[in-house]
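The structure's right below; bear with me while I get my questions together.
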Amino acid sequence: QVQLVESGGGLVQPGGSLTLSCVSSETIISLDYIGWFRQPPGNQRELVARITRGGSTTYGDSVKGRFTIFRDSAKNTLILQMNDLEPEDTARYYCTAKSGPLEEPRWGQGTQVTVSS
């Protein structure tokens, strides 16, 4: 099953930018989907963005227009470009993927993003 390793989290000021990366152990364009969820402190995990095998993208309402997800096929890496960050974006961000429609989703270990002045 696919294994995922995230990186790129950290501390950033409001209005700043951050880029998260998720390296997949399988060919990224062959995955049923791959994407990002986040879990703010004391809250449930929520969708940030995901991309399907065919390239269709879905974004959570709170990040539309600020975050962009795309695949770097040469590096088997999923990128999440986050701009105009807000304190409400503070959360642990998890990469998730399914190898196929009948497979269970797999999760990375997560990376912490903190937006604070």
Among Thr77, Leu80, Ile79, whose side chain to side chain contact (heavy atoms under 4.5 Å, CB included) with Phe70 holds?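 Going through Thr77, Leu80, Ile79 one by one, the side chain to side chain contact (heavy atoms under 4.5 Å, CB included) with Phe70 is satisfied by Ile79 alone.
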
Measure the shortest side-chain to side-chain distance between Thr96 and Trp36 over non-hydrogen atoms and say whether it is less than 4.5 angstrom.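 With C-beta onward as the side chain, the pair stays apart.
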
Criterion ring-ring contact (aromatic ring centres under 6.0 Å, His included) on Phe37 and Trp107, from CA distance to verdict: CA-CA 10 Å; Phe37 278 68; Trp107 297 85; 5.4 Å; yes

Working for side-chain contact (heavy atoms from CB on, under 4.5 Å), residues Ile29 and Arg71: CA-CA 8 Å; Ile29 59 173; Arg71 297 171 295 188; 4.1 Å; yes

Does the distance from a Lys or Arg side-chain N to an Asp or Glu carboxylate O, for Arg38 and Glu46, drop under 4.0 Å?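 Judged by the 4.0 Å cut-off on N to carboxylate O distance, Arg38 and Glu46 do form a salt bridge.
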
So does Arg53 pair up with Asp32, basic N to acidic O under 4.0 Å?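 A salt bridge links Arg53 with Asp32.
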
Taking every non-hydrogen atom, the tightest pair across Gly108 and Tyr94: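 Residues Gly108 and Tyr94, closest heavy atoms: O-CD2, 3.7 Å.
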
When you check the side-chain N and O atoms of Gln81 and Thr19, is any donor under 3.5 Å from an acceptor?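 Their side chains do contain a donor-acceptor pair, which is all the 3.5 Å distance test asks for.
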
Quick one: pull up OG1 in Thr114 and CD in Gln112 and give me the separation to the nearest 0.5 Å.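 If I round to the nearest 0.5 Å, the distance is 4.0 Å.
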
Is it true that Ser99 and Glu26 share a donor-acceptor pair across their side chains at a distance under 3.5 Å?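 Looking only at side-chain atoms, Ser99 and Glu26 do form a donor-acceptor pair, the distance falling under 3.5 Å.
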
Ignoring hydrogens, what is the shortest heavy-atom contact between Pro14 and Ser117? Give both atom names and the distance.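 The answer is CD-N, 3.7 Å.
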
Is it the case that Asn83 and Ser17 place a side-chain donor and acceptor less than 3.5 Å from each other?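 A pair is found: one side chain offers a donor N or O, the other an acceptor, under 3.5 Å apart.
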
Just wondering, do Cys22 and Val5 contact through their side chains at under 4.5 Å, heavy atoms?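 No, their side chains stay 4.5 Å or more apart.
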
Starting at NZ of Lys64, measure out to OG1 of Thr58 and round the result to the nearest 0.5 Å.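 Taking NZ in Lys64 and OG1 in Thr58, the distance rounds to 8.5 Å.
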
Restricting to non-hydrogen atoms, name the atom on Val2 and the atom on Leu4 that form the minimum distance, rounded to 0.1 Å.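 Closest approach of Val2 to Leu4, heavy atoms only: CG2-CD2, 3.9 Å.
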
Could you state the interatomic distance from CD1 (Ile51) to CD1 (Ile34), rounded to the nearest 0.5 Å?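 These two atoms lie 9.5 Å from each other.
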
Donor-acceptor pair, side chain of Glu6 and main chain of Gly110, under 3.5 angstrom: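 Judged by distance alone, yes, a pair lies under 3.5 Å.
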
Within a reach of under 6.0 Å around CD of Gln109, are more than 12 heavy atoms found that belong to other residues, nucleotides or ligands?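 Yes, because the 6.0 Å sphere around CD of Gln109 holds more than 12 heavy atoms from other groups.
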
Are any non-hydrogen side-chain atoms of Leu18 and Val113 less than 4.5 angstrom apart?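 SC-SC contact between Leu18 and Val113 confirmed.
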
With Arg50 as the cation and Tyr33 as the aromatic partner, state whether NZ or CZ is under 6.0 Å from the six-membered ring centre and within 45° of the axis.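 Yes, Arg50 lies over the aromatic ring of Tyr33.
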
How close do Gly16 and Val12 get, counting heavy atoms only, and between which atoms?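 Taking every non-hydrogen atom into account, CA-CG2, 3.9 Å.
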
Under 4.5 Å between side-chain heavy atoms, counting indirect links through other Ile/Leu/Val/Met/Phe/Trp/Tyr residues: same cluster for Met82 and Leu47 or not?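 No, separate clusters.
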
Evaluate the side-chain proximity of Phe67 to Val48: yes if any heavy-atom separation is below 4.5 Å, no if none is.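 Side chain of Val48 against side chain of Phe67, heavy atoms only: contact under 4.5 Å found.
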
Is there side-chain contact between Gln1 and Glu103, with at least one heavy-atom pair below 4.5 Å?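 With C-beta onward as the side chain, the pair touches.
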
Heavy-atom pair of closest approach, residues Ile69 and Gly35: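 Looking at all heavy atoms of both residues, the closest pair is CD1-CA, 4.1 Å.
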
For atom CG of Leu11, is the number of surrounding heavy atoms from other residues, nucleotides or ligands below 6.0 Å larger than 12?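 Yes, CG of Leu11 has more than 12 neighbouring heavy atoms, counting only those of other groups under 6.0 Å.
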
Smallest separation among heavy atoms of Val23 and Lys75, with atom names: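 Heavy atoms of Val23 and Lys75 come nearest at CG1-O, 4.4 Å.
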
Leu78 vs Ile28 side-chain heavy atoms within contact, under 4.5 Å: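 Yes, at least one pair of side-chain atoms sits under 4.5 Å.
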
So, do Arg45 and Arg92 sit near enough that their side-chain heavy atoms are less than 4.5 Å apart?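 A side-chain contact is absent here, since even the closest heavy-atom pair is not under 4.5 Å.
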
Interatomic distance, Arg106 atom CZ to Ser25 atom OG [nearest 0.5 angstrom]: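 Result: 8.5 Å between the selected atoms.
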
Less than 4.5 Å apart, any side-chain heavy atom of Ser7 and any of Leu20?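 In short, these two side chains do not touch, never coming nearer than 4.5 Å.
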
